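What follows is one structure encoded as structure tokens, with my remarks underneath.
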Amino acid sequence: MTQKRALITGVTGQDGAYLARLLLEKGYKVYGLVARRGSDALWRLRELGAEAEVTLLAGDVTDVSSLLRAIEQARPTEFYTLAAQSFVDKSWDLPSVTVQVSGMAVTNVLEAIRCSDAKIRFYQATSSEVFGRVQAPVQDESTAFHPRSPYGVAKAFGHWLTVNYRESHGMHASSGILFNHESPLRGPEFVTRKISMGVARIKLGRQDKLRLGNLDAKRDWGYAGDYVEAMWLMLQQEAAGDYVIATGRNASVRDFCRIAFSHVGLDYEKYVEVDPAFFRRADIDTVLGNPAKAKANLGWAPKTSLDGLVTMMVDADLERLKKGTLT
């Protein structure tokens, strides 16, 4: 049997690292497209023990010629596009960059695939941010989009372009509308990781207070390690499609804090302070996904509870602080 080959953009990010590990475990030859290498760009792959097994290719999703070269080198059977300017709040400060990297670049990838080998199966990383000002209490694949940030707008563009290429060119192009998914590999600028790092530092006496924005904002939080399995499953189906990937439950930022502080024997109310500087310019009050289609068609369901996710993140940051890999 011929070995499957996958090409991942954004391989050094949270989702890219977990996906790379999953595909390696399934016997794939994995390639990752990287635009540049900072001193710590590969730390996520390293932490998962996947760094040595992923073949890195130089390229950029905003440059079609480099995408064509990467496809020629990797000869992938599956292409996962995960590269993005993924910090929602930063998208107001960098709207053009966000639209180029998180939206327009999808055009480049789809065109590169169509022109080189239209049989390559394609995965687009959409986001629940496309729902924005939600049009229904629970969001599924039929819920109308109303994005509330440049990031959400860019993701909506990438989503509909994927649908268009599937319908117009007959490509196996699927879109995963992923709700918030976190892990110990989450970037420190995201509120969930800010909480886990803050709890670890406070527990070890290295920080006094944790300042956050809207504690009442509700999100449908899952574990990134579970969600990458859904990405892979989409590309194993006979027919491509669009899928909401979520837990079907939501919780507030306050709930996340309560679980995290309780895990280390502390009361969050003594340490958490609300700082208006951290409120988003156009916030989303609550989101809640319905993953019924993914369960029915893919056989997918989340395995990790919210408590399990939060404690996993806190424990990881406690360990990093003790080892000196987090200051």
Side-chain angles (χ1 to χ4, degrees), residues 14-15 18-19 22 80 82 84 86 88 102 123-149 151-163 166-167 173-183 186 190-192 214 216-256 259 282-310:
Q14 170 189 256
D15 293 5
Y18 279 114
L19 178 62
L22 175 73
Y80 298 84
L82 307 182
S86 57
V88 176
S102 301
Y123 172 81
Q124 158 62 11
T126 302
S127 163
S128 61
E129 291 288 331
V130 298
F131 295 121
R133 182 176 288 167
V134 295
Q135 307 297 294
V138 181
Q139 299 85 56
D140 62 18
E141 294 81 6
S142 65
T143 304
F145 293 175
H146 190 138
R148 295 266 283 167
S149 67
Y151 174 78
V153 171
K155 284 296 186 179
F157 174 84
H159 173 86
W160 286 116
L161 197 69
T162 300
V163 173
R166 181 171 70 230
E167 295 178 349
S174 293
S175 181
I177 308 174
L178 271 61
F179 281 63
N180 296 69
H181 47 292
E182 317 298 320
S183 77
R186 194 47 130 166
F190 290 85
V191 67
T192 52
N214 182 9
D216 297 315
K218 287 188 173 182
R219 296 291 182 267
D220 185 327
W221 275 306
Y223 171 47
D226 292 341
Y227 283 34
V228 296
E229 183 182 16
M231 299 177 188
W232 174 76
L233 285 167
M234 288 179 213
L235 300 199
Q236 311 316 304
Q237 306 307 304
E238 184 176 344
D242 307 317
Y243 293 90
V244 161
I245 304 301
T247 68
R249 62 171 187 261
N250 63 11
S252 66
V253 175
R254 190 184 307 277
D255 293 328
F256 204 102
I259 297 168
D283 205 0
I284 300 169
D285 293 328
T286 182
V287 292
L288 178 61
N290 177 8
K293 180 181 176 183
K295 183 176 182 180
N297 292 14
L298 307 178
W300 179 87
K303 301 181 180 74
T304 308
S305 68
L306 179 60
D307 282 39
L309 169 64
V310 177

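Atom set for the values below is all heavy atoms of this structure, side chains included, hydrogens, waters and symmetry mates excluded. The structure displayed is predicted, hence computed values, not measured ones. Count residues from 1 along the sequence.
In terms of heavy atoms, E129 sits closest to S149 at OE1-OG, 4.2 Å. Residues W221 and A251 come closest through the heavy atom pair CZ3-O, 3.3 Å. Scanning both residues, A230 and L298, for their nearest heavy atoms gives O-CD1, 4.1 Å.
W300 meets the side-chain hydrogen bond (donor to acceptor under 3.5 Å, both in side chains) test with no other residue; sequence neighbours excluded. For Q139, the side-chain hydrogen bond (donor to acceptor under 3.5 Å, both in side chains) test picks out no residue, with sequence neighbours left out.
T192 has its side chain out of reach of R219: every pair of non-hydrogen atoms, C-beta onward, lies at least 4.5 Å apart. Contact check for H146 versus V134: no side-chain heavy atoms found under the 4.5 Å cut-off.
Checked by atom type and distance alone, the side chain of S174 pairs as donor or acceptor with a backbone atom of G241 at under 3.5 Å. Of the possible polar contacts, one joining the K155 side chain to the A125 backbone as a donor-acceptor pair under 3.5 Å is found. Looking only at distances, a side-chain donor or acceptor of R166 sits under 3.5 Å from a matching main-chain atom of A173. Formation of a donor-acceptor pair under 3.5 Å by the D220 side chain with backbone atoms of G248 is found in this model. The closest donor-acceptor contact from the side chain of D242 to the backbone of V163 lies at 3.5 Å or more, if one exists at all.
Distance OG/S128 to CD1/I245: 11.5 Å, rounded to 0.5 Å. Taking OG1 of T162 as the reference point, atom CD of E167 lies at 11.0 Å (rounded to 0.5 Å). For the atom pair CG of L233 and OH of Y123, the computed distance is 11.5 Å after rounding to the nearest 0.5 Å. Between Y223 atom OH and L306 atom CG the span is 14.0 Å, to the nearest 0.5 Å. With values rounded to the nearest 0.5 angstrom, I177 atom CD1 is found 6.0 Å from T126 atom OG1. Taken to the nearest 0.5 Å, the OH atom of Y227 stands 9.0 Å off from the CD atom of E182.
For the side chain to side chain contact (heavy atoms under 4.5 Å, CB included) criterion with V228, the lone passing option out of L22, L178, L82 is L22. Put simply, the residue from V287, N290, T247, L288 that forms a side chain to side chain contact (heavy atoms under 4.5 Å, CB included) with F179 is V287.
The aromatic rings of W160 and F145 are tilted relative to each other, their planes meeting at an angle between 30° and 60°.
No hydrogens or angles considered: a donor-acceptor pair under 3.5 Å links the side chains of D15 and H181.
For K218, the NZ atom counts as loosely surrounded, since its 6.0 Å shell holds 12 or fewer non-hydrogen atoms of other residues, nucleotides or ligands.
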